[in-house]
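Inspection log for the structure reproduced underneath, given as structure tokens.
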Amino acid sequence: MAFVNKYVLSILVLFLAFYYYSEKEEFRPEMLQGKKVIVTGASKGIGREMAYHLARMGAHVVVTARSEETLQKVVSHCLELGAASAHYIAGTMEDMTFAEQFVAKAGKLMGGLDMLILNHITSSTMTLFHDDISHVRKSMEVNFFSYVTLTVAALPMLKQSNGSIAVVSSMAGKISHPLIAPYSASKFALDGFFSSIRNEHSLMKVNVSITLCILGLIDTDTAMKAVSGIVNFKAAPKEECALEIIKGTALRQDEVYYHNSPWTMFLLGNPGRRILEFWTMKQYNMEKFIKN
Ligand SMILES: NC(=O)c1ccc[n+]([C@@H]2O[C@H](COP(=O)([O-])OP(=O)(O)OC[C@H]3O[C@@H](n4cnc5c(N)ncnc54)[C@H](OP(=O)(O)O)[C@@H]3O)[C@@H](O)[C@H]2O)c1
Ligand SMILES: *[C@@H]1O[C@H](CO)[C@@H](O)[C@H](O)[C@H]1NC(C)=O
Ligand SMILES: *[C@@H]1O[C@H](CO)[C@@H](O)[C@H](O)[C@H]1NC(C)=O
């Protein structure tokens with residue numbers, strides 16, 4: 001028993017030391033200067049704010065969503081703000097062929113890719129779940145499966161650039177809430193998939209970072225309309241939220257938490273899970289998967 005305690009304690013100390021030192025680097029806007037970035041779901045809300053921040057930092061941006069008209073406006077504002085270049089490609093992420101071709105086209109437009117920001121979601125209303133299986137399927141397709149498709153298409157370019165992936169998720173991808181079962185399922189799926197891929201990258205020395213972003217309620221028009229009359233959590237500002245996602249992704253953090261209350265962030269951190277994952281990773285022998 002004493003041995004086990006000592007063992008667990010030393011892992012905990014090592015882990016905390018690692019955690020503390022690995023988050024030391026400071027963010028500088030110049031980190032994004034000249035970087036080639038894709039932002040999905042960028043016609044409004046948090047996605048649009050991210051495009052504007054990236055433009056101010058002098059990045060190249062390619063934005064996407066379905067509505068061409070609004071994307072056009074976002075692109076011209078990006079150019080006014082100082083983007084190195086700005087383009088849009090309109091289409092729906094219900095269509096995996098579009099998702100795949102979108103990444104190829106964006107890569108061609110910018111001549112490579114440094115950062116893939118996955119942010120779009122299909123619209124959904126807060127309601128009791130009865131039998132709307134088609135909405136569950138659509139949420140999984142648009143909010144989860146298209147993220148996988150976009151990632152597969154982008155990984156060759158991201159490996160070349162030692163790039164980064166941001167996966168925009170939610171509190172609802174870490175803890176349960178009523179009235180949003182299909183959305184919540186798709187956000188939990190993102191954690192399972194992308195955290196596993198992050199482990200693989202770490203074990204196989206693939207230098208592409210994956211940043212899962214856990215957001216509380218943010219004051220976008222869509223979210224404010226969705227929660228109106230149902231919950232009254234205080235919403236945090238979308239501009240700052242967008243900046244925090246970019247910062248954490250540029251610093252190659254595993255996760256970003258953005259929420260009004262620091263207590264929520266502290267409790268969501270889930271040290272139990274982190275310690276178990278850290279320890280589990282130590283048990284793997286990956287020799288079989290290393291190509292000679
Ligand atoms: N706002 C919040 O309170 C909150 C909280 C936690 C997490 N989040 C997360 O933050 C991210 C952004 O949320 P938001 O509030 O900024 O959303 P939003 O304002 O509603 O923006 C959603 C974006 O996705 C696009 N989109 C919708 N359906 C699409 C489709 N089928 N194919 C391609 N693009 C599509 C929309 O443009 P088009 O309609 O033109 O296609 C729009 O650009 C999401 O991942 C969300 O889960 C938000
Ligand atoms: C990517 O990282 C590797 C290893 O650190 C380095 O040798 C290489 O030059 C980097 N490539 C780019 C494009 O930064
Ligand atoms: C991974 O890439 C980043 C960004 O280019 C670089 O700062 C870092 O040193 C690289 N890490 C390794 C282990 O190659």
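Both ligands and their constituent atoms are indexed starting at 1 by order of listing. Residue numbers run from 1 in the order of the sequence given.
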Thr64 (side chain) donor-acceptor with Ile89 (main chain) under 3.5 angstrom: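 A pair under 3.5 Å: yes.
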Exam field: side chain Ser184 to backbone Ile180, donor-acceptor pair closer than 3.5 Å: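 Not a single qualifying donor-acceptor pair exists.
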Atoms in ligand 2 flagged as close to Gln160, the criterion being non-hydrogen separation under 4.0 Å: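 In order of numbering, the contacting atoms are 13 (C).
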Between side-chain atoms of residues 212-236 and protein atoms elsewhere (two or more places apart, or another chain), which donor-acceptor pairs fall under 3.5 Å?
from   : atom 1 : to     : atom 2 : distance (Å)
Asp219 : OD1    : Lys238 : N      : 2.9
Thr220 : OG1    : Ala223 : N      : 3.3

As an exercise, state the distance from [atom1] of [X] to [atom2] of [Y], rounded to the nearest 0.5 Å.
| X | Y | atom1 | atom2 | result |
| --- | --- | --- | --- | --- |
| His77 | Gln72 | NE2 | CD | 15.5 Å |
| Ser169 | Lys174 | OG | NZ | 7.5 Å |
| Glu277 | Asn270 | CD | CG | 8.5 Å |

Pocket residues of ligand 3, ordered first by chain and then by residue number (heavy-atom cut-off under 4.0 Å):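 Lining ligand 3: Asn162, Asn207, Arg252.
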is_close_aromatic(His135, Phe129), centroid dist under 6.0 Å: no
Listing, residues 94-109 side-chain donor-acceptor contacts under 3.5 Å, not counting sequence neighbours, or none:
from  : atom 1 : to    : atom 2 : distance (Å)
Glu94 : OE2    : Thr92 : OG1    : 3.0
Asp95 : OD1    : Thr97 : N      : 3.0
Asp95 : OD1    : Phe98 : N      : 3.3

Check: Tyr258/Glu240 side-chain N/O donor and acceptor closer than 3.5 Å: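 There is such a pair (donor and acceptor under 3.5 Å, judged by atom type) between the side chains of Tyr258 and Glu240.
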Closest heavy-atom pair and its distance - Met110, Lys36: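 Reported closest heavy-atom pair: O-CE, 3.1 Å.
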Extract all N/O-N/O pairs under 3.5 Å that connect ligand 1 to the protein, and present each with both atom names and the distance rounded to 0.1 Å.
from     : atom 1 : to     : atom 2 : distance (Å)
ligand 1 : 1 (N)  : Ile218 : O      : 3.4
ligand 1 : 1 (N)  : Thr220 : OG1    : 3.2
ligand 1 : 3 (O)  : Ile218 : N      : 2.8
ligand 1 : 3 (O)  : Ile218 : O      : 3.3
ligand 1 : 15 (O) : Thr220 : OG1    : 2.7
ligand 1 : 16 (O) : Ile46  : N      : 2.8
ligand 1 : 19 (O) : Thr222 : OG1    : 3.4
ligand 1 : 20 (O) : Thr222 : OG1    : 2.6
ligand 1 : 28 (N) : Arg66  : NH2    : 3.3
ligand 1 : 28 (N) : Ile121 : O      : 3.3
ligand 1 : 31 (N) : Thr92  : OG1    : 3.2
ligand 1 : 32 (N) : Met93  : N      : 2.9
ligand 1 : 37 (O) : Ser43  : OG     : 2.9
ligand 1 : 39 (O) : Arg66  : NH2    : 2.8
ligand 1 : 40 (O) : Ser43  : OG     : 3.3
ligand 1 : 40 (O) : Arg66  : N      : 3.4
ligand 1 : 40 (O) : Ser67  : N      : 3.0
ligand 1 : 40 (O) : Ser67  : OG     : 3.0
ligand 1 : 41 (O) : Arg66  : N      : 2.8
ligand 1 : 41 (O) : Arg66  : NE     : 2.7
ligand 1 : 43 (O) : Gly41  : O      : 3.1
ligand 1 : 43 (O) : Ser43  : N      : 3.2
ligand 1 : 43 (O) : Ser43  : OG     : 2.7
ligand 1 : 45 (O) : Asn119 : O      : 2.8
ligand 1 : 45 (O) : Lys187 : NZ     : 2.9
ligand 1 : 47 (O) : Tyr183 : OH     : 2.6
ligand 1 : 47 (O) : Lys187 : NZ     : 3.0

